[in-house]
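Accompanying notes for the structure given below.
Counting convention: from 1, in listed order, for ligands and their atoms alike.
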Amino acid sequence: NIVYDIKGLEDIKAKVKETLKAKDVYVVPGDADLNPYVLKEIGILASKVILSLIEDVKIIAVTGGQTVKEVVDNFPVCSFKNILVVPARGGIGQEVEKQANTLAANLAKKINGCYKLLHLPDTMDEEVYNLLIKKEEIQEILNDINSADMLVFGIGNAIEMARRRKLSQDMIEKLKEVGAIGEIFGYYFDKAGRIVYSTTTIGIKLEKIKNIKYMIGVAGGSHKAEAILSLGEIKNNTIFVIDEGIAKKIMSLE
Ligand code: G3H
């Protein structure tokens, strides 16, 4: 059982859970926007949440990003030999330490499990994409990715993520026009929870995530509150591990 009640965070947690209509919410003290160490705390707590569910899991998919990296870096060494870890999508583009492939391999090592990698960029031309997905080895890993029973994912601000993913200035302007607020694995959401854009991407498909047993969303820093609120129905199926900064901002916005 995970107990984390400092400064009445249990109360905040219950309120945020209700506001988001989330499957569950865990809150660590502090605000990662003010103190980056808070991200490590999120990583530690998310690891505990994952460990409490891991016996029930065969395939774990992970996205890239600093917050998921904190989860992997702070995961205890253990032994779950039969678990396969895969990247939720491509992602060559950001720093290698934060790429989904690297994080999948590192998590697999921590749990003494196995991993498969996807050596493909996040975004590519439609034509190239259509050719690649016909390849047997790509099909095989895509099947594994889309059969994941746990997905550990980071949540980002739409415009911040578009810049990080090196979308063109034109595209960034378009995202602003359509009101993109939040981003998870290449899908951009507006305030009403509608998907307003998605990158042509190889990896986990949004229509599959309804079937994922355990969705673990990790985010730190109050500037990500709107992004979390924008995630539409995905919130209902997600266990969030966030910080006090986000939690309080979510409550102030609703
Ligand atoms: O899609 C969102 C990103 O994974 C968030 O990345 O944890 O580095 O802010 P971050």
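When G64, G217, A88, G182 are checked for heavy-atom proximity to atom 4 (O) of ligand 1, G64 turns out nearest.
Remark: K235 fails to qualify as a cation-pi partner of F240 under the 6.0 Å distance and 45° angle criteria applied to the six-membered ring.
Shown in contact with G156 at under 4.0 Å from a heavy atom are these atoms of ligand 1, numbered in order with element: 2 (C). Within the listing of ligand 1, atoms 1 (O), 2 (C), 3 (C) sit less than 4.0 angstrom from a heavy atom of M161. Residue G65 approaches ligand 1 through these ligand atoms, each under 4.0 Å from one of its heavy atoms: 6 (O), 7 (O), 8 (O). Every atom of ligand 1 with a heavy atom of R165 under 4.0 Å away is listed here by number and element: 1 (O).
Of the possible donor and acceptor atoms, one in the side chain of N146 sits under 3.5 Å from a partner among the backbone N and O of K205. Between the side chain of E183 and the backbone N or O of G186 there is at least one donor-acceptor pair closer than 3.5 Å. The backbone N or O of G193 sits nowhere less than 3.5 Å from a side-chain atom of S230 that would complete a donor-acceptor pair.
The shortest heavy-atom contact between I141 and P87 is CD1-CD, 4.3 Å. Smallest separation of non-hydrogen atoms from I250 and A225: CG1-CB, 3.9 Å.
Neither the backbone nor the side chain of K69 has a heavy atom within less than 4.0 Å of ligand 1.
Using a 4.0 Å heavy-atom cutoff, R164 is listed among the residues neighbouring ligand 1. At a 4.0 Å cut-off, not a single heavy atom of K98 sits close enough to ligand 1 to count as contact.
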